[in-house]
Number of protein chains: 2
Amino acid sequence: MKAALFYPSLAFCSALLLSACTSTSQNNTVPADLARLSDSALKSELAYDVVKSLTVEVGPRIAGSEGDKRAVAWAEEKFKALGFDKVYKEPVRVRNWSRGIADAKVIAPYQQKLFITALGGSVATPEGGLITQVVMFDSLASLKQADGAHVRDKIVFINQRMQRDRAGKGYGPVVIGRSQGAIEAAKLGAKAVLIRSVGTDNSRFAHTGVMQYSDDVEKIPAGALSNADADNLQAMLNAGKDVTLAVEMRAKEHGWQTSYNVIGEFTGSESPDEIVLIGAHLDSWDEGTGALDDGAGVGIVTGAATVIKNLMGQPKRTIRVVLYASEEFGLTGAQEYTRKHKAELGNIIVAAESDFGAGEIYQIDTLFAPDAVEQAKPLFAALENIGVKQGHNQAGGGPDVSMLPKYGVPVVSLLQDGTYYFDYHHTANDTLDKVDPKALAQNQAAYALLAYFMANSGVDTRPAPASH
Amino acid sequence: MKAALFYPSLAFCSALLLSACTSTSQNNTVPADLARLSDSALKSELAYDVVKSLTVEVGPRIAGSEGDKRAVAWAEEKFKALGFDKVYKEPVRVRNWSRGIADAKVIAPYQQKLFITALGGSVATPEGGLITQVVMFDSLASLKQADGAHVRDKIVFINQRMQRDRAGKGYGPVVIGRSQGAIEAAKLGAKAVLIRSVGTDNSRFAHTGVMQYSDDVEKIPAGALSNADADNLQAMLNAGKDVTLAVEMRAKEHGWQTSYNVIGEFTGSESPDEIVLIGAHLDSWDEGTGALDDGAGVGIVTGAATVIKNLMGQPKRTIRVVLYASEEFGLTGAQEYTRKHKAELGNIIVAAESDFGAGEIYQIDTLFAPDAVEQAKPLFAALENIGVKQGHNQAGGGPDVSMLPKYGVPVVSLLQDGTYYFDYHHTANDTLDKVDPKALAQNQAAYALLAYFMANSGVDTRPAPASH
């Protein structure tokens with residue numbers, strides 16, 4: 001059912017109610033309440049305070065760990081402290097893996113330590129570690145074409161550098177080596193795989209991230225070299241000599257544990273069953289404090305909802321903030337949310353996740369019923385005033401809401417500047433100092449505008465069109 | 001004895017021998033040979049190849065370690081391979097200390113790992129580590145004024161941030177906390193001292209560097225927190241709660257070992273006993289590969305001397321490249337060089353050390369006999385053409401030559417842009433990728449111009465004036 005339009009139409013606003021329309025963007029008039037909310041959210045330190053609290057008081061929180069448990073408790077307390085009127089958690093079974101030490105060194109023809117980290121989900125090396133020759137490939141594709149005799153009993157080094165890009169377009173072509181490298185290397189008889197870190201930096205911190213095994217291929221240890229160490233190893237190999245590595249990794253599976261999606265709501269005053277869902281993920285990798293990934297998102301969506309409530313009062317539709325469990329290990333929190341709420345997914349007016357760091361938002365993409373895009377013009381106008389352009393209508397919505405459109409749930413992607421995101425992503429360097437409070441507040445403003453407009457305007461963008 | 005002027009005077013050059021003078025700087029005509037040398041050195045990859053070879057084939061080389069021994073052998077081989085006609089080493093007794101593990105964590109009111117490193121020369125923590133409250137001071141000066149009751153049996157945290165500056169002026173005011181912190185904290189009964197890293201970055205790599213004890217004060221463990229972790233600890237302490245740390249460090253002294261100053265020369269064809277000394281230090285800290293500190297310097301001075309020989313032939317005075325042992329642990333190589341060569345220090349025409357990373361040189365300071373500064377104008381003109389301005393006549397010359405002026409030895413400081421040097425200085429992140437080949441070649445050109453001019457022009461700047 002489409003709700004009635006709560007919000008004055010643009011034509012109405014510009015012709016009859018000028019007092020309700022304060023500023024104009026390039027294309028449209030911005031309603032006064034949106035302008036006021038935007039100004040307030042830009043000035044509010046709420047998002048920053050939330051991510052600071054999470055990183056300082058909890059820190060690392062890999063799924064199923066003690067840190068994860070503390071994060072769940074922290075999230076419940078934080079929602080309550082901020083005045084969310086409904087706070088609850090929903091259990092999610094999560095895989096619990098621990099990294100252990102990960103040491104590597106070149107032992108011939110030179111002697112040098114290499115900085116590595118285990119990829120998420122990797123098995124350990126055999127007791128005492130591995131000592132064997134390393135062979136280099138420039139991509140997963142090259143590895144797939146390799147002769148088994150060249151690879152057998154060796155360590156495979158996939159040496160593909162990620163390119164820097166505002167939208168993070170360099171990630172996809174390289175991350176395939178992280179996820180599939182162990183499978184392809186094992187098929188050829190390799191003892192282990194090391195990839196060049198999927199990151200745009202030159203730090204010696206290696207980038208972790210989840211990797212995959214295949215049931216019909218031997219599981220071999222998989223790690224990432226820091227970019228600086230990948231350069232060093234590459235220089236040795238390019239000099240044409242055989243290079244021998246010693247690698248020891250003590251990663252370990254601890255079985256499945258219970259974690260939680262933690263949910264805070266401001267219940268709708270007129271249509272409480274209609275949900276505006278904004279989310280982020282609560283878990284993080286274990287080496288940094290999860291400030292950018294995804295403490296920033298947690299701060300942004302929690303701050304946005306709170307700013308709305310504090311400034312504009314109770315929303316007409318329910319604003320639901322979902323902090324998902326275990327995004328990093330296979331989106332299990334989001335999968336569980338979708339399963340559990342399947343019967344009521346039709347009530348979600350729109351869903352959006354913030355999970356790309358703390359860079360400024362420059363574009364809004366939507367996945368709305370096509371004829372509804374026009375109705376969202378006041379939102380686009382307000383966003384344009386804070387530097388966010390309207391993009392296309394084929395949005396994905398972010399990882400944890402990516403499975404919703406197939407149920408007809410409209411989603412929005414607020415695209416962030418990710419130019420420097422992959423310098424820190426999945427490393428020990430993902431810490432609070434990398435969060436720019438001003439850019440974070442701009443994110444908060446954009447999510448506040450989105451959530452408030454979708455909760456209070458009466459615009460209904462359902463159902464999402466079939467995904468592209 | 002002052003040597004005769006080998007070099008045409010500026011007046012001579014501009015009036016009579018125009019063909020020998022190709023380009024002009026703002027103030028002066030640049031002799032053709034200097035211009036040719038400069039062009040060639042700017043294009044030569046020699047300096048980069050040398051630092052690459054050192055970092056890839058040797059890597060970390062803390063004084064007295066196996067890496068240090070490999071570095072000495074590498075340097076002798078490198079000098080020979082590059083055609084130095086005299087290659088030798090002189091023994092230096094060096095202190096050999098190893099870092100061991102250095103772990104710290106907050107255990108109350110939160111639970112978080114902190115990234116630390118031991119300061120160079122620190123003792124270990126007692127077996128099993130230390131667990132105690134931490135107290136914060138904003139500087140060494142504040143610590144000195146503290147009440148002992150506030151500090152006794154606690155860990156002192158000196159939380160002073162280094163400011164970024166092209167000339168590295170932020171280092172001095174902060175490094176005093178690194179060198180003296182353990183003494184002042186121990187005087188007040190502290191169990192250990194942790195300083196905020198002396199560095200301008202926000203990385204989680206902590207910055208090491210040598211620290212000092214006093215014989216009449218108890219030796220307590222001394223470490224550095226990464227800047228990101230110092231921020232985190234500061235946030236916890238500023239929230240007003242007592243914070244308890246667990247710290248374990250296993251640093252160890254291994255007694256004194258023999259290392260070497262390694263020396264390569266191009267013997268002077270006319271005045272072999274007159275020495276133009278350009279140097280750098282061969283040792284490095286143990287966590288990075290010593291690319292900026294001081295592989296870059298090794299590359300620059302080795303490359304500069306080699307470019308001169310390859311392009312201009314044998315110099316008239318001897319060009320001596322000295323790669324000093326154990327600069328990081330008290331300049332012991334330089335001290336030994338000075339002792340051993342005391343009788344012949346008067347033969348050094350000029351000395352200069354490159355030890356400030358790989359940033360471009362922007363200024364030349366001198367410490368010349370005052371009436372000799374004018375004679376160096378062709379050199380200043382040539383340097384100006386590669387972006388190097390003439391500065392003052394009160395130079396220090398660099399750490400390993402800093403003790404020479406009191407013996408009347410003129411020195412030169414070629415000031416490098418150190419804006420980013422202290423992002424990496426004394427960390428694991430000091431690796432080859434931080435070296436910009438173009439900036440390194442400009443350094444090589446500046447040192448080549450200096451060494452060639454001082455070796456071939458006949459200009460004699462001795463004796464250095466009494467130091468300022």
Side-chain angles (χ1 to χ4, degrees), chain A residues 49 51-61 65-67 69-71 74 101 105-106 109-115 161 201-206 226-239 241 243 286-291 423-424 427-436, chain B residues 49 51-61 65-67 69-71 74 101 105-106 109-115 161 201-206 226-239 241 243 286-291 423-424 427-436:
Chain A
D49 289 346
V51 59
K52 182 174 178 179
S53 171
L54 177 57
T55 55
V56 170
E57 296 163 30
V58 178
R61 46 198 182 278
S65 66
E66 289 301 310
K69 289 178 178 58
R70 288 194 290 269
W74 170 92
I101 63 144
K105 54 190 176 192
V106 179
Y110 313 117
Q111 287 105 59
Q112 286 218 33
K113 176 180 170 65
L114 298 174
F115 283 57
R161 180 173 263 284
D201 59 300
N202 279 318
S203 164
R204 292 191 88 185
F205 283 119
S226 84
N227 273 303
D229 288 274
D231 284 352
N232 204 352
L233 183 56
Q234 173 185 315
M236 292 175 191
L237 289 161
N238 282 347
K241 298 185 181 171
V243 176
D286 50 323
E287 297 191 293
T289 61
D423 286 357
Y424 309 117
T427 73
N429 247 337
D430 179 2
T431 48
L432 183 63
D433 50 282
K434 314 307 182 304
V435 175
D436 172 12
Chain B
D49 289 345
V51 59
K52 182 174 178 179
S53 170
L54 177 57
T55 56
V56 170
E57 296 163 31
V58 178
R61 47 198 181 277
S65 66
E66 289 303 309
K69 289 179 177 60
R70 289 194 290 270
W74 170 91
I101 62 143
K105 54 190 173 192
V106 179
Y110 312 117
Q111 288 105 59
Q112 288 217 33
K113 177 178 168 66
L114 300 174
F115 283 56
R161 180 174 262 286
D201 58 301
N202 281 319
S203 163
R204 291 192 89 185
F205 283 119
S226 84
N227 273 304
D229 289 273
D231 285 352
N232 204 353
L233 183 56
Q234 174 186 315
M236 294 176 191
L237 289 162
N238 282 346
K241 297 184 182 171
V243 176
D286 51 322
E287 296 191 293
T289 61
D423 287 357
Y424 309 116
T427 74
N429 246 337
D430 179 2
T431 47
L432 183 64
D433 49 282
K434 314 305 182 307
V435 175
D436 171 13

Problem set entry | side chain to side chain donor-acceptor pair (under 3.5 Å) against D423(A), all qualifying residues, sequence neighbours excluded | R164(A), T200(A)
For this session: Could you check whether the rings of F205(A) and F115(B) sit parallel, tilted or perpendicular, using 30° and 60° as the cut-offs?
Result: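 Perpendicular, since the angle between the ring planes exceeds 60°.
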For this session: Below 4.5 Å from any heavy atom of chain A, which atoms of D231(B) appear? Answer side chain, backbone, both or neither.
Result: side chain
Exercise. Is it the backbone or the side chain of E287(B) that comes under 4.5 Å from a heavy atom of chain A, or both, or neither?
Worked result: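 Interface part for E287(B): backbone (N, CA, C, O).
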What is the minimum heavy-atom distance between [X] and [Y], and which atoms define it?
| X | Y | value |
| --- | --- | --- |
| N232(A) | T289(B) | ND2-CG2, 4.1 Å |
| S203(B) | N429(A) | CA-OD1, 3.3 Å |
| R204(A) | G288(B) | NH1-CA, 3.6 Å |
| P60(B) | Q112(A) | CD-OE1, 3.9 Å |

Under a 4.5 Å cutoff for heavy-atom pairs, which residue among [options] has the most contacts with chain A?
| options | result |
| --- | --- |
| E66(B), K434(B), R70(B), K113(B) | R70(B) |
| T55(B), N227(B), V106(B) | T55(B) |
| T431(B), V58(B), V56(B), D229(B) | V56(B) |

